[in-house]
Structures are given as C-alpha cells and as structure tokens.
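Letters A, B, ... mirror the listed sequences (proteins, then strands); counts begin at 1.
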There are 2 protein chains.
Amino acid sequence: MARPRSFDEQELLETVMKAFWRRGYSATTYRGIESITGVGIRSLANTFGEKDELFLAVLASYRGRVSRNLDLMFESPSIDSIVRFFERISSPSDAEDPRRNGCLMVNTVFEVDKPTAAVTQEIAQYRDLFRRVFRESLESDQVPDPEIRADFLIGALWGAFSQIRLTRDPTSAKPISSIVVETLEIWRGLVPPRRPAA
Amino acid sequence: MARPRSFDEQELLETVMKAFWRRGYSATTYRGIESITGVGIRSLANTFGEKDELFLAVLASYRGRVSRNLDLMFESPSIDSIVRFFERISSPSDAEDPRRNGCLMVNTVFEVDKPTAAVTQEIAQYRDLFRRVFRESLESDQVPDPEIRADFLIGALWGAFSQIRLTRDPTSAKPISSIVVETLEIWRGLVPPRRPAA
DNA sequence: CACTTATTGCAACTAGTGTTGTAAAATAGA
DNA sequence: TCTATTTTACAACACTAGTTGCAATAAGTG
C-alpha cells in the first residue's frame, strides 16, 4: 500500500561495488554514487543507512560473489585446483575489469583506518573462505602441515594482489604465481614433512 | 642574519613518519602534526610546502632508513641473509613499535588513490631495494631464475605485511615466514632449474 | 476515486581539512 | 643598538563530504 522502489537493491549493490573496488572507500563519495547509479542520495540513505552500512552491504555482496566462485573452482579440492586458481589470478584483464585493482577486501584492510567490528568480521570471514579451500586442497593431496601452508598461500595471494594493485595489471603477478605453482609441485612429493637433502 | 628554525628537520621528519606510518596519509592531518610536534602549521608549510611534499619527504626518509638496514643485513648476501630477514620481519613488537602497522610504503600503495609521479617513483625505488638484495642473495647461492624468485619473495614479503597490517601484530606473519624459509632451503638444492621428481 | 505510506528531489547544515594572508616576534650581523 | 630577514601565531577562507529535514510525488489498496 505504498510506493515501491524504483531500483533493484542487488543490481545497485553490484554497481556500487565496482565503484568502491575501483576508487576505494573514501574516494567513492555518496554524491558520486548518486550520479553513477542515478539513484538519489536520499533514497540511498533511506535504503542502506549511512555510508558505513552501505559499504558493509557491498562487502557482504562481494564475499558472496567470491564464495560462489570458490565453490565452483574447488568443487573437488586438490593441488591442481590451487594451481588453476593462481593461474587465473594473474590472467590478463581489459581496462574495464575491476580485477585491475586487486581485491576489494585486501584494499579495504589497508584503506579503512579504524574498521568497524562488522567490517573486521567481514574480512575475517572472507579470509576464512580461502583458508578453508586451500587447506582442504592440501589435505586431499596429503601435504603435511596444511594449516600453515594454507596461511602461506593466503600470504602469497595477498602479495599478488598487492603487486596487481601497484601496477594495476594482473599479469604483473605472474612471477609470483609461477613460483607458487612450482612450490605446489614440490609439495606434492613431500611425504615426510621435512625438506629434501641439501 | 635571520631568525633560525626552532626545530630540527630530520628529527621532525622522524616524528611525522611515525604518524603517517601509524595512521595513514589522509588520517594524518596537518593540524594533527602541529599538535604532535609542537611546530605550527605555518612553519611546516614554510619548510616543506604542501602536504604532498611533506609526505614525499617522509617517504624518502623512510626509504633511506630501510636502505641502511638492508645494507647491514645483506652485507654478504646469501640465502641465509634472506632467512634472517624474514625471521626478523615476523618477530614480536611492543605496542609503540610502528612495525605493527606493516610497511609504510605498502600501506601507501593501497591508501593513496591517485599517487603523484614522484610518489610512484619513490615506491618503485623502494621495491628495487628488495629486488636487488634478494636477487644478489639468490645468485650468490646459484639459485636458478633469480629475478623471478626475487619477485616472488617480494610478493611473499608484501603478503606478510598485509597480514601484519590486518592483525596489527608482526608475529601473525610467522606461518608465511616459516614456509618461505622452508622454500629457501629447498632452493638451495635446486642445481638444475627444474623440480624434483613427483 | 480517495487515502495511506514510502519514495524521492532539493537544499541546507555541520564538521573537518588543506591552504594562505598578515602582522608580530625573534635573532644574527653591522 | 639598530636593522634586515626569517620564523611563527592566529585566524580566515574555500572546499568537500556526510548527513538530515521537508515537502512534493507516486503507487498500491479499499
């Protein structure tokens, strides 16, 4: 019995997500979102609340997107899955692809100075997505110390995102990816948890 | 024949550096610097110019500091030097230590949205510091593909800094460091440039 | 057709920040 | 002691961005 909204929430979140991904949190102004989406400031504020909350909704949406991708790529987790994942990370992208700016979550870690508890939790959950698929993949190939190695892989991944963010070019992470892949191949043969002879 | 400055430039740059390191670029306001250092805004502007230029001076100072440290640690470059370096990165720090916030340069890569050409160049030079010592270290132990592996190590390092920045605790990078060290030990035995048998 | 209710557009308000002008203060040298 | 010259303190300016109030508008529903 009232006027319906003139825009679709999910669709708008996608658009806003690209803006935050491309320009970062503080450079993406509320008024800028207005002109990009065509939705007035007042409607945005009515629907999502203040900027923090809109951003949080965007992060949740981003995490959902990545989660679905990971479910596909790691449907049967294995070292090969990880290899494919790292090769995809450093694959080329055109000028419109927001992947040129790395990872929205990693960018947020650095840009938002005093993150809300909700933002911190969102990032932790995001990190755990990778932790889980990496660990399961390593376990399925009987690699020793899967938790520690999963943390290492997350580190290498975030380093790759840093490199991409610096150069605005995913292919600049190829050296990192290639050595990660080489290391994964070595791990395949690591039945006893110690290093080969020097 | 004129009034001398009431503060020491280098000393002030050190103080300001810690502020930028701790709180980031935009959260460190010109007025905040005034109250931290006791030096008036007008004097700061007279001496260093606008905020960009002050920040650039801080970055240069930071790079000089790191460069001197690296010269010491890699005086005779070797794999052992890299191992010691990664172990130091993830060593504990007290609450006052700005190392809790990771690396000022990496933070800058993410925080400053449209970096000046001068800032970009500063970051590139900083990155080359590590590139060089890593490469020389790998070469001295005859590890194959030293350039690519140096890039990988920079990636792992930046991933470690990301992790530290996320948790505000250097020891959270220990898993990353430990696997990097393990990988370095493996590289020692890599005389032919290919992987061991699976 | 009227009425209720949420949405929307406009504009104002507030807070914070970089920057700059001006005049007073201070110091080294003549 | 006087003077030239720089530093310094204070304050104002300009601009940006998040937030909010209010009235007009539009769409379901009886």
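- Comparing dT19(C), dT8(D), dT20(D) against the side chain of R42(B) picks out dT8(D) as the nearest.
- Residue side chain R31(B) reaches the base of dT19(C) through a donor-acceptor N/O pair under 3.5 Å, judged by distance alone.
- Side-chain proximity of A45(B) to dT27(C), dT20(C), dT8(D): nearest is dT20(C).
- Regarding contacts with the backbone of dT8(C), a side-chain N or O of S6(A) is found under 4.0 angstrom from either OP1 or OP2.
- When ring centroids are compared, W21(A) and Y62(A) come within the 6.0 Å threshold.
- In this structure, K174(B) forms no cation-pi arrangement with F86(B), as its terminal cationic atom is not both closer than 6.0 Å to the ring centre and no more than 45° off the ring axis.
- Regarding contacts with the backbone of dT8(D), a side-chain N or O of S43(B) is found under 4.0 angstrom from either OP1 or OP2.
- For the pair E34(B) CD and dT7(D) P, the interatomic distance rounds to 17 Å; values are reported in whole Å.
- Using a 4.5 Å heavy-atom cutoff, the side chains of D80(A) and R188(A) are in contact.
- Regarding N46(A), its CG atom lies at a distance of 16 Å from the P atom of dT5(C), rounded to whole Å.
- Atom CZ of R5(B) is separated from atom C1' of dA25(C) by 17 Å (rounded to the nearest Å).
- The side chain of F7(B) lies closest to dT8(D), out of dT8(D), dG18(C), dT19(C).
- Each of dT27(C), dT19(D), dT8(C) was ranked by its minimum atom distance to the side chain of P4(B); first place goes to dT27(C).
- For the pair E53(B) CD and dG18(C) P, the computed distance is 14 Å after rounding to whole Å.
- F7(B) and I41(B) fall within a single hydrophobic cluster, where Ile, Leu, Val, Met, Phe, Trp and Tyr are joined by side-chain heavy atoms under 4.5 Å apart, directly or via other members.
- Between D52(A) and G40(B), it is G40(B) whose nearest contact on DNA chain D lies nearer the 5' terminus.
- The OH-P distance, from Y30(A) to dT19(D), rounds to 7 Å in whole Å.
- Rounded to an integer number of Å, the gap from OH of Y25(A) to C1' of dA17(D) is 11 Å.
- Closest to the K51(A) side chain, of the nucleotides dT7(C), dG18(D), dT20(C), is dG18(D).
- Remark: P of dT7(C) and CG of D8(A) are 14 Å apart, rounded to the nearest angstrom.
- Protein atom CZ of F48(B) is 17 Å distant from nucleotide atom C1' of dG18(C), rounded to whole Å.
- Counting heavy-atom neighbours within 6.0 Å of R168(B) CZ, excluding the residue itself, gives a total above 12.
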